[in-house]
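Data block below; observations after.
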Number of protein chains: 2
Amino acid sequence: MPILNHMVEHSAHLDAVFHALADPTRRAMLGQLAERELTIGELATPFHMSFAGASKHVRVLENAGLVTRTIRGRTHLCRLEAARLAEADAWLRRYERFWNAKLDSLEALLRAEDEAKAKKVKE
Amino acid sequence: MPILNHMVEHSAHLDAVFHALADPTRRAMLGQLAERELTIGELATPFHMSFAGASKHVRVLENAGLVTRTIRGRTHLCRLEAARLAEADAWLRRYERFWNAKLDSLEALLRAEDEAKAKKVKE
DNA sequence: CGAATAGTCAACCGATCGGTTTAACGTTTT
DNA sequence: AAAACGTTAAACCGATCGGTTGACTATTCG
């Protein structure tokens, strides 16, 4: 009886999302994009990184579905797409009961109530 | 006024955790460990992978703090450590407002109330 | 028009990845 | 003591990583 594996996992998506998040530069870029939409150049500057370098990072974020791009003239505006972050969050929360003590005791309480109920039925 | 970057981020930890989660085999191993503690061999078997291969994956998980090992005789028992998953979850939730529509509209409501209040003061 | 700007592409770099194989080590079994 | 077991270590493999440079394509500005 698998506890967590019964949920089919969209491996490819999660691979891409977690991989994208595994780099501190990319996490910082997402942080910037949380404030406002930014061009590649604006994303590159604070990291003293070449345009090409930033461009590659953005593409990784794009492939993970975490960022979308709108080309306007010669500039590429990047926008945060948080839906995929929610996907990663959903995966993580399958483990929530393992770290959240409150939830654990709540669960224990509910279990105790269930048992009490079951006992009552038996009587 | 940075929205998300004011929180100091423990980059090294997050790097390791997200990197560990970026591999489907390792995620599956965590899933197995969520049910019960397992030895390296038990972790290796379902993935038709050499012991050495599994051993390397476990070490990645260990380095990320997601797994701890208890050596008992010649076997190594692996246990899930969810605290670090909570860390990753905490990072993700900083973006929750970007994907959670309910939260968004609540915020809009509060903003509207604030504006109403500000208007009232002006009058 | 020509020059500057914003960005990509392709090649390249050393480092790390996921995985294997072979050898070795300590533990348990016989 | 010898054989079997559970695991790690080291060397190696091709692939991918993060990053650079230089050449190229568009768009905008003077």
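Protein chains get the first letters and strands the later ones, always in sequence-line order, with residue 1 at the start of each. Because only heavy atoms are used, hydrogens play no part in the values below, and waters and symmetry mates are left out as well, while side chains stay in. Keep in mind it's a predicted model, so treat the numbers as computed, not measured.
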Which atoms of nucleotides 23-30 of chain D (N or O only) lie under 3.5 Å from a protein N or O atom, and what are those distances?
{"from": "dT27(D)", "atom 1": "O2", "to": "R74(A)", "atom 2": "NH1", "distance (Å)": "3.0"}

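- The two residues A22(A) and H19(B) come nearest to each other via the heavy atoms CB-N, 3.5 Å.
- Mapping F51(B) and M49(A) onto DNA chain D by nearest heavy atom places F51(B) at the nucleotide closer to the 5' end.
- Here the options are T70(B), L38(B), V67(B), the test is side chain to side chain contact (heavy atoms under 4.5 Å, CB included), and the partner is R79(B); only T70(B) passes.
- For the pair H48(A) NE2 and dG19(D) C1', the interatomic distance rounds to 14 Å; values are reported in whole Å.
- The nearest pair of heavy atoms linking Y95(A) to R27(B) is OH-O, 3.9 Å.
- At a threshold of 4.0 angstrom between heavy atoms, the contacts of S50(B) include nucleobase atoms, whether or not backbone atoms are also involved.
- Put simply, the side chain of L85(A) does not reach to within 4.5 Å of the side chain of F98(B), judged on heavy atoms.
- Rounded to whole angstrom, the span from the CZ atom of F47(A) across to the C1' atom of dT20(D) amounts to 18 Å.
- L77(B) and F51(B) are assigned to two separate hydrophobic clusters, defined by single-linkage of ILVMFWY side chains at heavy-atom distances under 4.5 Å.
- Protein chain B contacts DNA chain C from dC17(C) to dT28(C), reading 5' to 3' and using non-hydrogen atoms of the protein with a distance under 4.0 Å.
- In this structure, L33(B) and C78(B) approach most closely via the heavy-atom pair CD2-O, 3.4 Å.
- Mapping H19(A) and L77(B) onto DNA chain D via the closest heavy atom, the residue that lands nearer the 5' end is L77(B).
- Tested against T68(B), the residues E37(B), E81(B), E62(B) include a single side chain to side chain donor-acceptor pair (under 3.5 Å) partner, E81(B).
- Closest approach of A44(A) to S50(A), counting heavy atoms only: CB-O, 4.1 Å.
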